[in-house]
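Structure first, then comments.
The residues of the chain are indexed from 1 along the displayed sequence. The figures here come from the full heavy-atom set of this structure, side chains too, leaving out hydrogens, waters and symmetry mates.
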Amino acid sequence: SGVFYQVISVSNLEISMTAQIALCYPKINPSFHGMFIPSNCLPCPSVIEQTEFRLPFSAPGSLYFSCSMNMESSEECTFDHAFVHNTEDGKYLLHIIFPKPGVWFIYVNSMRGSVGKEETKLLFQLKLKAVAYKKDFAFPQVFEPVYTNFKMSISDAHLPLLQRVGKRPSSLVIPFNCPSDVLLWHLAQVNEVVYEAATQIPPSVEPGKHELVVNFNKSGIWIITLYAQHVSAENKTVWTPVLRHTVSVERSFSTSSIMAQQGPSFNVL
């Protein structure tokens, strides 16, 4: 427990001794067997000049992941600026955005079990210095059933999501893939009041591809939740949360704009 090793031997890897960029290796938990990072991705740059960083990896078994980050100068953690995207069976992509410049510790935890009863194990960690940063964006909270039970997915190309609305456009689109045997329900909680009229899923143009559209027509803290249920479910009153995203809306709205932006709320078959 608490013991790690650094990957220092990678096949087919050539490292230039004259390279001007600082390099580093992830610290991998040695008790986690089968963890693999492609050789062409190692070593990692330790100084990131872009606002985002991606690292592919493989891991055995049926897993989902949680991520946390904290700055070297602070023990306060953020859980919504690193995200593990499930690209295919056993292959994953760690996607990081930096909310502030500075030195960051990133922790990736593997998880097993049902929601609320997960067994968590630290998989690997990174230490990166961010030069640039991406303000007012974050990743949504994606729950384990989205992958294991409903076989849904969210494209990495559409992440991260807007987290704060000031003078920006007052809407948000969350694209996702969903099988035809899954029903969807969605709502927004605004300042602790449930408000369904501001979210909608328009009819899909391409089978399996959908968009959750949110119209921000009230100021306050918005919690947007997407629920799912199998068509064959016997109990039609039980819905499982699969995605949640929080947005702070600061702009003011006129009565006419509120009426114009409201849309219907309906399920997708």
Side-chain angles (χ1 to χ4, degrees), residues 62-67 79-80 83-86 89 109-120 138-156 158-163 165 170-218 220-249 258 261-269:
S62 178
L63 301 172
Y64 61 107
F65 300 88
S66 66
C67 303
F79 296 91
D80 51 7
F83 183 85
V84 172
H85 175 64
N86 189 344
D89 289 344
N109 300 295
S110 68
M111 305 180 73
R112 297 179 187 268
S114 58
V115 176
K117 299 180 181 179
E118 302 93 345
E119 176 189 345
T120 303
F139 293 104
Q141 181 181 8
V142 177
F143 300 102
E144 175 266 344
V146 76
Y147 302 119
T148 59
N149 191 7
F150 299 107
K151 308 301 179 184
M152 299 167 61
S153 64
I154 303 171
S155 172
D156 179 66
H158 299 292
L159 297 177
L161 301 173
L162 189 66
Q163 192 182 36
V165 176
S170 55
S171 63
L172 177 70
V173 178
I174 308 176
F176 61 95
N177 299 327
C178 179
S180 60
D181 64 343
V182 173
L183 294 171
L184 300 170
W185 176 44
H186 44 89
L187 57 81
Q189 189 176 351
V190 188
N191 298 333
E192 299 184 354
V193 176
V194 175
Y195 189 62
E196 294 186 73
T199 60
Q200 58 179 312
I201 300 179
S204 60
V205 177
E206 185 177 346
K209 295 186 180 295
H210 306 281
E211 292 182 342
L212 174 60
V213 181
V214 186
N215 294 310
F216 299 115
N217 43 34
K218 292 178 181 289
I221 303 300
W222 285 62
I223 301 176
I224 302 116
T225 308
L226 179 66
Y227 298 85
Q229 179 189 102
H230 285 291
V231 172
S232 59
E234 294 183 2
N235 189 344
K236 298 298 184 181
T237 64
V238 176
W239 292 87
T240 303
V242 292
L243 181 146
R244 183 167 292 145
H245 187 57
T246 302
V247 180
S248 175
V249 180
I258 290 176
Q261 291 176 29
Q262 287 185 358
S265 176
F266 52 86
N267 295 336
V268 176
L269 296 179

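Evaluation of the ring-ring contact (aromatic ring centres under 6.0 Å, His included) rule for Phe65 yields Phe57, Tyr92 as partners, not counting sequence neighbours. With sequence neighbours left out, the side chain to side chain donor-acceptor pair (under 3.5 Å) criterion links Ser110 to no other residue. Listed by chain and residue number, Asn235 satisfy the side chain to side chain donor-acceptor pair (under 3.5 Å) test with Thr237 (two or more places apart in sequence, or in another chain). With sequence neighbours excluded, the residues satisfying side-chain contact (heavy atoms from CB on, under 4.5 Å) with Asn177 are Ser153, Lys209. Considering only residues two or more places apart in sequence or on other chains, Tyr147 meets the ring-ring contact (aromatic ring centres under 6.0 Å, His included) condition with none of them. The side chain to side chain donor-acceptor pair (under 3.5 Å) test applied to Asp80 returns Thr78, Gln163, not counting sequence neighbours. Applying the side-chain contact (heavy atoms from CB on, under 4.5 Å) test to Val194 and every residue at least two apart in sequence or in another chain returns Leu187, Glu196. Under the side chain to side chain donor-acceptor pair (under 3.5 Å) criterion, His230 pairs with Asn149, sequence neighbours left out. The side-chain contact (heavy atoms from CB on, under 4.5 Å) check on Ile221 picks up Asn191, Thr246, Ser248, with sequence neighbours excluded. When the side-chain contact (heavy atoms from CB on, under 4.5 Å) test is applied to Thr240, the partners found at least two apart in sequence or on another chain are Pro145, Phe150.
Residue Val247 comes nearest to Leu172 through the heavy atom pair CG2-CD2, 4.3 Å, listed as atom of the first residue, atom of the second, then distance. The shortest non-hydrogen separation linking Ala138 to Pro160 is O-CB, 3.5 Å.
Within the model, atoms CE of Met152 and CG of Asn86 stand 13.5 Å from one another, a figure rounded to the nearest 0.5 Å. For the atom pair NE2 of His186 and NE2 of His210, the computed distance is 11.0 Å after rounding to the nearest 0.5 Å. Put simply, CG on Leu243 and CG on Leu226 are 6.0 Å apart, with the number rounded to the nearest 0.5 Å.
Using a 4.5 Å heavy-atom threshold, the side chains of Thr225 and Tyr227 count as touching. Proximity of Gln200 to Asn215: side-chain heavy atoms (C-beta onward) are separated by under 4.5 Å at one or more points. At least one side-chain heavy atom of Leu159 sits less than 4.5 Å from a side-chain heavy atom of Pro140. Taking 4.5 Å as the limit, every side-chain heavy atom of Ser232 sits out of range of all side-chain heavy atoms of Asp181. Looking only at side-chain heavy atoms (C-beta outward), Leu184 and Cys178 come within less than 4.5 Å of each other.
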message: Test side chain to side chain contact (heavy atoms under 4.5 Å, CB included) on Val142 and Phe83; report intermediate values, then the result.
response: CA-CA 9 Å; Val142 177; Phe83 183 85; 3.6 Å; yes
task: Report the C-alpha distance between Phe176 and Val242 in whole Å, list the side-chain angles of each, state the deciding distance to 0.1 Å, and finish with yes or no for side chain to side chain contact (heavy atoms under 4.5 Å, CB included).
output: CA-CA 11 Å; Phe176 61 95; Val242 292; over 6 Å; no
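With His85 contributing its side chain and Ile154 its backbone, the two residues share a donor-acceptor pair below 3.5 Å. At distances below 3.5 Å, at least one donor-acceptor pair connects side-chain atoms of Gln229 with backbone N or O atoms of Lys236.
Using a 30° and 60° split on the angle between ring planes, Trp222 and Tyr195 fall in the perpendicular class, above 60°.
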